[in-house]
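Chain naming here is simple, since letters A, B, ... match the order of the sequence lines and numbering starts at 1 in each.
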There are 2 protein chains.
Amino acid sequence: MTLASTTSEGEPRGSLRERKKLATRRSLRRIALDLVAERGFTHVTVEDIAEAADVSPRTFFNYFPSKEAALFGADPERIAELRLRVAHDAPGEPVLDALRMVMVSDAQSVADELSGLGGDAADWLRRMKEARSDPHLRAAHAAQMAMVERAVTEGLAERLGTDPERDPYPGLLAATASGVFRASMTFWASSGGTVPLSQLIDLAFRALADGLPERCAFRDITASPGGRALQTPQGDVADRKDNH
Amino acid sequence: MTLASTTSEGEPRGSLRERKKLATRRSLRRIALDLVAERGFTHVTVEDIAEAADVSPRTFFNYFPSKEAALFGADPERIAELRLRVAHDAPGEPVLDALRMVMVSDAQSVADELSGLGGDAADWLRRMKEARSDPHLRAAHAAQMAMVERAVTEGLAERLGTDPERDPYPGLLAATASGVFRASMTFWASSGGTVPLSQLIDLAFRALADGLPERCAFRDITASPGGRALQTPQGDVADRKDNH
DNA sequence: ATGTAACATTGCTCGTAGTGCAAATTTATA
DNA sequence: TATAAATTTGCACTACGAGCAATGTTACAT
């Protein structure tokens with residue numbers, strides 16, 4: 001259940017009921033995204049969304065516990081998987097390296113899922129950025145991040161074999177990692193998705209492991225704002241023209 | 001119009017109006033904190049708070065824009081000041097050092113203010129920790145942190161003379177700093193305030209500047225309470241007696 | 001001290017979020 | 001086709017939060 005869910009109708013797996021359920025779920029989320037992007041969060045009511053999706057307002061709440069949740073889907077499965085991967089992936093490697101790899105991979109799958117959701121990811125991101133100003137939205141997003149952070153904390157604690165209640169290290173690591181992730185996401189969104197997200201995260205984590213020096217490869221990405229930026233989807237770090 | 005007896009009478013500065021306003025503001029916040037601590041966030045209505053504070057429910061919203069705001073006061077002045085200090089304090093010093101100093105100082109003043117608010121700070125923290133489980137509360141807290149982070153980002157950008165929209169570095173730094181701050185706060189709260197907050201933050205920032213190594217002074221703090229915290233997982237991470 | 005302006009409190013109404021419950025409708029299964 | 005299971009929907013209800021106008025309170029000038 002983790003992946004799948006792209007626009008390609010390859011898998012009718014599941015009964016008619018489940019397909020319908022998934023369809024309306026997606027429909028609701030997509031419509032919510034569109035409406036919020038064009039009107040702003042506060043000027044879109046649940047009734048609007050429900051009406052546009054041809055369901056009753058009450059049904060909306062059968063799918064999402066709140067208006068915010070329709071936008072930033074919680075998806076507990078992904079979070080649980082993240083915890084497991086943080087705990088067990090790349091055994092033997094230093095914690096920060098393992099964490100970096102897991103986060104990069106997760107970011108990649110997020111980007112994939114997002115580009116599969118709507119038509120144009122960059123366009124969607126641009127419009128979403130506008131709507132980010134609303135306090136409610138930012139709160140919801142931050143709350144979502146807090147859940148992820150909690151999962152990462154637990155995963156790290158398991159990997160290190162310590163109790164996160166007594167040892168502040170897993171929490172500290174998770175908090176900073178969450179910050180790195182968030183900052184990269186924000187910058188990625190503000191850049192319209194021209195730079196591959198996974199690469200941003202990778203560089204940001206390396207900068208973190210170096211103690212966040214003032215000169216780091218992470219900053220060089222911004223060198224070419226107008227033109228086409230780095231576009232290597234996954235491979236290794238793309239060419240940066242030249243450093244300072 | 002019961003003057004809500006705020007224990008110590010330090011400063012009568014300001015007209016009678018302002019004193020009254022400040023009194024009811026504090027009364028509302030204090031009552032909100034108490035009620036939420038004992039019943040949980042969702043089981044406390046604005047009407048409850050207003051009634052306990054001897055004001056009308058409508059008046060509550062004259063002081064705070066939301067129920068959450070009464071708990072985690074936004075205080076735009078403090079945020080603006082933080083931005084200025086991040087931008088201009090300790091000129092010439094490396095960014096991370098300056099940031100560390102400012103955050104430590106800010107944490108200290110937060111701790112002071114908090115201990116001056118209610119009777120026992122440690123007790124308050126302990127009770128608040130219980131109520132932290134509620135999603136609404138966590139969202140509100142996260143949103144608050146997001147505002148602080150934004151301010152720090154702007155301050156850093158000003159200090160470095162870059163544009164935070166194009167240069168991801170200020171945002172990255174602010175996000176990680178916010179994470180450090182938050183993790184320290186959380187640990188401080190969970191420890192009941194036995195360890196001085198400013199010291200926690202200081203050590204956490206130094207660990208950050210060192211690239212968050214697995215062994216850092218930050219972890220050794222936990223050795224104090226009842227049992228031994230670090231229990232030597234799969235390696236040799238624990239005791240610092242041996243190393244150094 | 002007294003009238004007046006400025007400000008704070010309050011009650012009222014309204015729109016919206018979100019939940020619980022039971023009836024109605026749709027899908028799966030015998 | 002009948003029946004069981006799950007889903008959708010309507011309805012009632014609590015609570016948040018904003019606007020507005022009336023009322024009460026503090027400050028200030030004469």
Taken to the nearest whole Å, CZ/A:Arg19 to C1'/C:dA28 is 13 Å
Touch class at under 4.0 angstrom, heavy-atom based, for B:Pro65 against every strand present:
sugar-phosphate
### Query
Taking only N and O in the side chain of B:Ser56, is any of them less than 4.0 Å away from OP1 or OP2 of C:dT9?
no
request  = Tell me whether the OP1 or OP2 atom of C:dT16 has a side-chain N or O from A:Thr45 closer than 4.0 Å.
outcome  = no
Whole-Å distance, B:Phe60 CZ to C:dA8 P, equals 17 Å
Quick note, salt bridge (charged side-chain N to carboxylate O under 4.0 Å, His left out) partners involving residues 34-45 of chain A, not counting sequence neighbours, are A:Asp34-A:Arg127, A:Arg39-A:Asp48
note: B:Asp134, atom CG; C:dG18, atom P; distance rounded to Å ~ 13 Å
Side-chain heavy atoms of A:Glu158 within contact of A:Arg83, under 4.5 Å: yes
### Message
Counting the atoms with a prime plus P, OP1 and OP2 as sugar-phosphate, which does B:Tyr63 contact under 4.0 Å by heavy atoms, base, sugar-phosphate, or nothing?
### Response
sugar-phosphate
From CG of B:Asn62 across to C1' of D:dA22 the rounded distance in Å is 14 Å
Subject >> N/O donor-acceptor pair under 3.5 Å between B:Ser184 side chain and B:Val180 backbone >> reply: yes
From CZ of B:Phe41 across to P of C:dG18 the rounded distance in Å is 13 Å
To the nearest angstrom, the CD-C1' distance between A:Glu47 and C:dT16 comes to 9 Å
message = Is it the case that D:dG17 (base atoms only) and B:Arg58 (side chain only) share a donor and an acceptor within less than 3.5 Å, ignoring hydrogens and angles?
response = no
Taken in chain and number order and not counting sequence neighbours, the residues that satisfy salt bridge (charged side-chain N to carboxylate O under 4.0 Å, His left out) with A:Arg25 are none
Closest heavy-atom pair, B:Ile49 versus B:Val44, reported as atoms and distance to 0.1 Å, is CG1-CG1, 3.7 Å
query = Should the pair A:Phe41 and A:His136 be assigned to parallel (<30°), tilted (30 to 60°) or perpendicular (>60°) ring geometry?
reply = parallel
Comparing B:His136 with B:Lys21, nearest DNA chain C nucleotide closer to 5' gives the residue B:Lys21
Among the nucleotides C:dA17, D:dG17, D:dT9, whichever has the atom closest to the side chain of B:Lys67 is D:dG17
When rounded to whole Å, the CZ to C1' distance for the pair B:Phe61 and D:dC16 reads 5 Å
note: B:Glu18, atom CD; D:dC28, atom P; distance rounded to Å ~ 10 Å
Polar atom pairs between nucleotides 23-27 of chain C and protein, under 3.5 Å, N or O only, would you list them?
from: C:dT27; atom 1: OP1; to: A:Lys20; atom 2: NZ; distance (Å): 2.3
from: C:dT27; atom 1: O2; to: A:Arg17; atom 2: NH2; distance (Å): 2.8

Is the side chain of A:Trp188 donor-acceptor paired with the backbone N or O of A:Val195 at a distance under 3.5 Å, no angle test?
-> yes
